[in-house]
Participant: 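One structure, pasted below without further comment.
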Amino acid sequence: MIIDACVQPHFRYNAEIRRYLPAAHQLRSIPDVEQQWYQAPGGDYREDLYGEHYPGSDPETVSRHLIDDMGVNYAILNPLTRGNIADYLLNSRICAAVNDWLLDRWLEPDRSDRFRGTIRVNPEDPKGAVAEIERLAGHPKLVQVGVPLQSREPYGKPMFEPIWEAAAAHGLPVAVRINGGNGVDHPPTFAGHAHTYPGYAAFMPLNYFVHLATLIIEGVFGRHPSLKFVFADGGYDILTPLMWRLDTFWLSMRDQTPWVDRYPSEYLPGHVRFCSSAFDGPTEADAMQRWMDFTGKSDLLMYGSSYPHWSTSAPATVADGLDTAQREKVLWRNASELYGLKERV
């Protein structure tokens, strides 16, 4: 079985979102989804996936590519919104419109029962985000909450905790994914903006560690034992050295964080997952299996193709070189346990 934990569906055209906005917001200026500061040299999406509309905008075509061609049994859909927008109320309405569109175009018509979806919320509007979770959490095909990787503050800070509390109360993981560049965006690195796309792509996932470290150090995982976060843009290759560093500093300064009752790395299995469309780490076959054993990566990693992104990769790309048990965990078992998906042949 194969579960693709990171698929990005698109609107067919930019104006389509207006059909799902309240009348008061339909005439507002909304960013174009493709106006990114950092463009991949060959385009953001695979050239062979372009057709009459945006890549990833037709459910039947996506089903053919993922299910028929790549053998995927379930696909977790995590659509983009429109980045970070200064008008937080408009941003919340855009998130709600994306959710309604996802249900209307993708999840409700899906008779194959292969698609699952994400409740997109605006973390800049905690009250609105909680209301959106409460509105949609009961839908059986919505299996996680989605927020952007870009944020003005680390996600362990207290202002965000009502969102995580609501997600945990409904048994929904929180998926963190790059989703910006077309609004009022935050720098992709700790020291400001990268000059080129390679710099952006290489360093942007480092931001997940700031979120992860504060979620642990601020005690969020301790207060919400069932809360789980999914970091959907790879970067797990840097997990081990950074967690070793965090463990070391926590051990020598425990008096400052008495609510953290174990090594920070010990929070990983119960609270953290990663998605990747390619293997991050050593490329030598004899080193891959051992690398995955560091920090228990094979229990944390889920295959996510990033379809229809330019880096879309088949399942074999991330599983090649792993042993049988590791391959099974990465390709489906970890995602099956996280999202409650039944084994399907």
Participant: Check Leu103 against Leu142 and note the closest heavy-atom contact, atom names and distance.
Facilitator: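 In this case the closest contact between Leu103 and Leu142 is CD2-CD1, 4.1 Å.
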
Participant: Of all the heavy-atom pairs spanning Arg273 and Leu338, show the shortest one and how long it is.
Facilitator: CG-CD2, 4.2 Å

Participant: Determine whether Arg18 and His25 satisfy the following criterion, side-chain contact (heavy atoms from CB on, under 4.5 Å), listing intermediate values before the conclusion.
Facilitator: CA-CA 8 Å; Arg18 298 186 185 279; His25 294 84; over 6 Å; no

Participant: Could you tell me if His65 and Glu60 have a donor-acceptor pair between their side chains, going purely by distance under 3.5 Å?
Facilitator: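 No, no side-chain donor-acceptor contact under 3.5 Å.
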
Participant: First locate atom CZ of Arg82, then atom CG of Asn122, and finally report the distance between them rounded to the nearest 0.5 Å.
Facilitator: 14.5 Å

Participant: Would you please say whether a donor-acceptor pair under 3.5 Å links the side chains of Tyr45 and His309?
Facilitator: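 No, His309 and Tyr45 have no side-chain donor paired with an acceptor closer than 3.5 Å.
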
Participant: Say whether Leu301 and Leu206 are linked into one hydrophobic cluster, either directly or through other cluster members, by side-chain heavy-atom distances under 4.5 angstrom.
Facilitator: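 Yes, it is one cluster - the side chains of Leu301 and Leu206 are joined through contacts under 4.5 Å.
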
Participant: Just so I know, are the side chains of Lys141 and Glu108 near enough to count as touching, which here means a heavy-atom distance under 4.5 Å?
Facilitator: no

Participant: If I compare all heavy atoms of His211 with all of Ser151, which pair ends up nearest, and what's the gap?
Facilitator: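 Residues His211 and Ser151, closest heavy atoms: CE1-CB, 3.8 Å.
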
Participant: Can you tell me if Asp4 uses its side chain to pair, donor with acceptor, with the backbone of Ser305 under 3.5 Å?
Facilitator: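 Yes; at least one donor-acceptor contact below 3.5 Å.
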
Participant: Would the number of heavy atoms belonging to other residues, nucleotides or ligands and lying under 6.0 Å from CG of Leu251 be above 12?
Facilitator: yes

Participant: Under 6.0 Å between ring centres, would you say that holds for His271 and Phe229?
Facilitator: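 Between His271 and Phe229, the centre distance exceeds or equals 6.0 Å.
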
Participant: Could you go step by step and tell me if Val147 and Trp164 meet the side-chain contact (heavy atoms from CB on, under 4.5 Å) rule?
Facilitator: CA-CA 11 Å; Val147 296; Trp164 319 145; 4.2 Å; yes

Participant: Is the shortest side-chain heavy-atom distance between Tyr303 and Trp332 below 4.5 Å?
Facilitator: no

Participant: Among Val230, Thr118, Val121, Leu136, which one satisfies side-chain contact (heavy atoms from CB on, under 4.5 Å) with Val145?
Facilitator: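 Running side-chain contact (heavy atoms from CB on, under 4.5 Å) over Val230, Thr118, Val121, Leu136 with Val145 returns exactly one hit, Val121.
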
Participant: Distance check, rounded to the nearest 0.5 Å: Phe209 atom CZ versus Thr214 atom OG1?
Facilitator: 10.0 Å

Participant: Is there a side-chain contact between Leu149 and Asn179, using heavy atoms and a 4.5 Å cut-off?
Facilitator: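 Not in contact.
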
Participant: What is the minimum heavy-atom distance between Ile3 and Ala335, and which atoms define it?
Facilitator: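 Closest heavy-atom pair between Ile3 and Ala335: CG2-CB, 3.7 Å.
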
Participant: Looking at side-chain heavy atoms only, is the closest gap between Ile217 and Leu246 below 4.5 Å?
Facilitator: yes

Participant: Would you mind reporting whether Arg28 and Arg93 have side-chain heavy atoms less than 4.5 Å apart?
Facilitator: no

Participant: Would you say OH of Tyr197 has more than 12 non-hydrogen atoms from neighbouring residues, nucleotides or ligands within 6.0 angstrom?
Facilitator: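 Enclosed.
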
Participant: Between Gln144 and Tyr339, does any side-chain donor sit less than 3.5 Å from a side-chain acceptor?
Facilitator: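 On atom types as modelled, these side chains qualify, holding a pair under 3.5 Å.
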
Participant: Could you give me the CA-CA distance, side-chain angles and deciding distance for Arg223 and Glu165, then say whether salt bridge (charged side-chain N to carboxylate O under 4.0 Å, His left out) is met?
Facilitator: CA-CA 9 Å; Arg223 289 189 293 275; Glu165 183 177 16; over 6 Å; no

Participant: So Met292 and Tyr236, side-chain contact (heavy atoms from CB on, under 4.5 Å) or not? Walk me through it.
Facilitator: CA-CA 10 Å; Met292 290 294 283; Tyr236 66 94; 4.2 Å; yes

Participant: Verify the distance criterion only: is there a donor paired with an acceptor across the side chains of Ser336 and Lys342 at less than 3.5 Å?
Facilitator: no

Participant: Could you state the interatomic distance from CZ (Arg105) to CZ (Arg19), rounded to the nearest 0.5 Å?
Facilitator: 8.0 Å

Participant: So, for Pro109 and Asp104, which heavy atoms are closest and what is the spacing to 0.1 Å?
Facilitator: CG-O, 3.3 Å

Participant: Let's go through Lys329 and Asp299 carefully: what are the C-alpha distance in whole Å and the side-chain angles of both, what is the deciding distance for salt bridge (charged side-chain N to carboxylate O under 4.0 Å, His left out) to 0.1 Å, and is it a yes or a no?
Facilitator: CA-CA 7 Å; Lys329 290 178 180 180; Asp299 294 320; 2.7 Å; yes

Participant: Taking atom types as modelled, is there a side-chain donor on Arg135 or Asn99 under 3.5 Å from an acceptor on the other?
Facilitator: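 Not at all, the side chains of Arg135 and Asn99 share no donor-acceptor pair under 3.5 Å.
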
Participant: Kindly confirm or rule out a cation-pi arrangement of Arg116 over Tyr74, judged by NZ or CZ under 6.0 Å from the six-membered ring centre and within 45° of its axis?
Facilitator: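 Judged by the rule (NZ or CZ under 6.0 Å from the ring centre, within 45° of its axis), Arg116 is not positioned above Tyr74.
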
Participant: Are more than 12 heavy atoms from other residues, nucleotides or ligands located less than 6.0 Å from atom CZ of Arg245?
Facilitator: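 Atom CZ in Arg245 is not crowded, with 12 or fewer foreign heavy atoms closer than 6.0 Å.
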
Participant: Walk me through it: do Arg152 and Glu124 pass the test salt bridge (charged side-chain N to carboxylate O under 4.0 Å, His left out)?
Facilitator: CA-CA 9 Å; Arg152 63 187 173 91; Glu124 293 290 308; 2.7 Å; yes

Participant: Taking all heavy atoms of Pro264 and all of Ile216, pick out the closest pair and write down the distance.
Facilitator: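 In this case the closest contact between Pro264 and Ile216 is O-CD1, 3.6 Å.
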
Participant: Is there side-chain contact between Ile178 and Tyr200, with heavy atoms separated by less than 4.5 Å?
Facilitator: yes

Participant: Would a 4.5 Å heavy-atom cut-off, applied to side chains only, mark Pro123 and Pro148 as touching?
Facilitator: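 Result yes, sub-4.5 Å side-chain heavy-atom pair found.
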
Participant: Consider ring-ring contact (aromatic ring centres under 6.0 Å, His included). Of Trp259, Tyr263, Tyr267, which one does Trp250 pass it with?
Facilitator: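 By the ring-ring contact (aromatic ring centres under 6.0 Å, His included) criterion, Trp250 pairs with just one of Trp259, Tyr263, Tyr267: Tyr263.
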
Participant: Take atom OH in Tyr13; do more than 12 heavy atoms of anything else shown fall under 6.0 Å from it?
Facilitator: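 It does: Tyr13 OH has more than 12 such atoms within range.
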
Participant: Report the distance from atom OG1 of Thr248 to atom CE of Met253, rounding to the nearest 0.5 Å.
Facilitator: 10.5 Å

Participant: Rounded to the nearest 0.5 Å, how far does CD of Gln8 lie from CG of Asn78?
Facilitator: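 Rounded to the nearest 0.5 Å, the CG-CD separation comes out at 8.0 Å.
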
Participant: Output the distance between atom CG (Asp125) and atom OG (Ser92), rounded to the nearest 0.5 Å.
Facilitator: 3.5 Å

Participant: Give a yes or no on whether the backbone of Ile2 and the side-chain of Asn73 come within a donor-acceptor separation of less than 3.5 Å.
Facilitator: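 Checked: pair present.
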
Participant: For Ser311, is there any backbone N or O sitting under 3.5 Å from a side-chain donor or acceptor partner on Ser313?
Facilitator: yes

Participant: Counting distance only, does the side-chain N/O of Lys157 pair as donor-acceptor with the main-chain N or O of Pro154 below 3.5 Å?
Facilitator: no

Participant: Any donor and acceptor pair, going by atom type alone, linking the side chain of Asp110 with main-chain N or O of Phe115 inside 3.5 Å?
Facilitator: yes

Participant: Establish whether Leu212 and Met159 are linked, either directly or via other cluster members, by ILVMFWY side-chain heavy-atom contacts under 4.5 Å.
Facilitator: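 Same hydrophobic cluster.
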
Participant: What verdict does the salt bridge (charged side-chain N to carboxylate O under 4.0 Å, His left out) test give for Asp58 and Arg12, after you've listed the backbone C-alpha separation in whole Å, the side-chain angles of each residue and the deciding distance to 0.1 Å?
Facilitator: CA-CA 7 Å; Asp58 176 51; Arg12 290 169 290 184; over 6 Å; no

Participant: Before we go on, tell me: are the rings of Tyr208 and Phe274 under 6.0 Å apart, centre to centre?
Facilitator: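 Yes; Phe274 has its ring centre under 6.0 Å from that of Tyr208.
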
Participant: Which residue pairs pass the ring pair (Phe, Tyr, Trp, His ring centres under 6.0 Å) test with at least one member in residues 75-97, sequence neighbours excluded?
Facilitator: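 Sorted pair list comes back empty.
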
Participant: Side chain of Asp323, backbone of Arg327: donor and acceptor closer than 3.5 Å?
Facilitator: no

Participant: Start with the C-alpha gap between Val210 and Tyr155, add the side-chain angles, then the distance that decides, and say whether side-chain contact (heavy atoms from CB on, under 4.5 Å) holds.
Facilitator: CA-CA 8 Å; Val210 179; Tyr155 282 146; over 6 Å; no

Participant: Quick one about Asp293 and Ser298 (side-chain donor to acceptor, distance below 3.5 Å, no hydrogens or angles considered), yes or no?
Facilitator: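 Looking only at side-chain atoms, Asp293 and Ser298 do not form any donor-acceptor pair under 3.5 Å.
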
Participant: Taking C-beta and beyond as the side chain, do Trp244 and Leu239 meet within less than 4.5 Å on heavy atoms?
Facilitator: no

Participant: For the residue pair Phe11 and Tyr20, does the interplanar ring angle fall in the parallel (under 30°), tilted (30 to 60°) or perpendicular (over 60°) class?
Facilitator: tilted

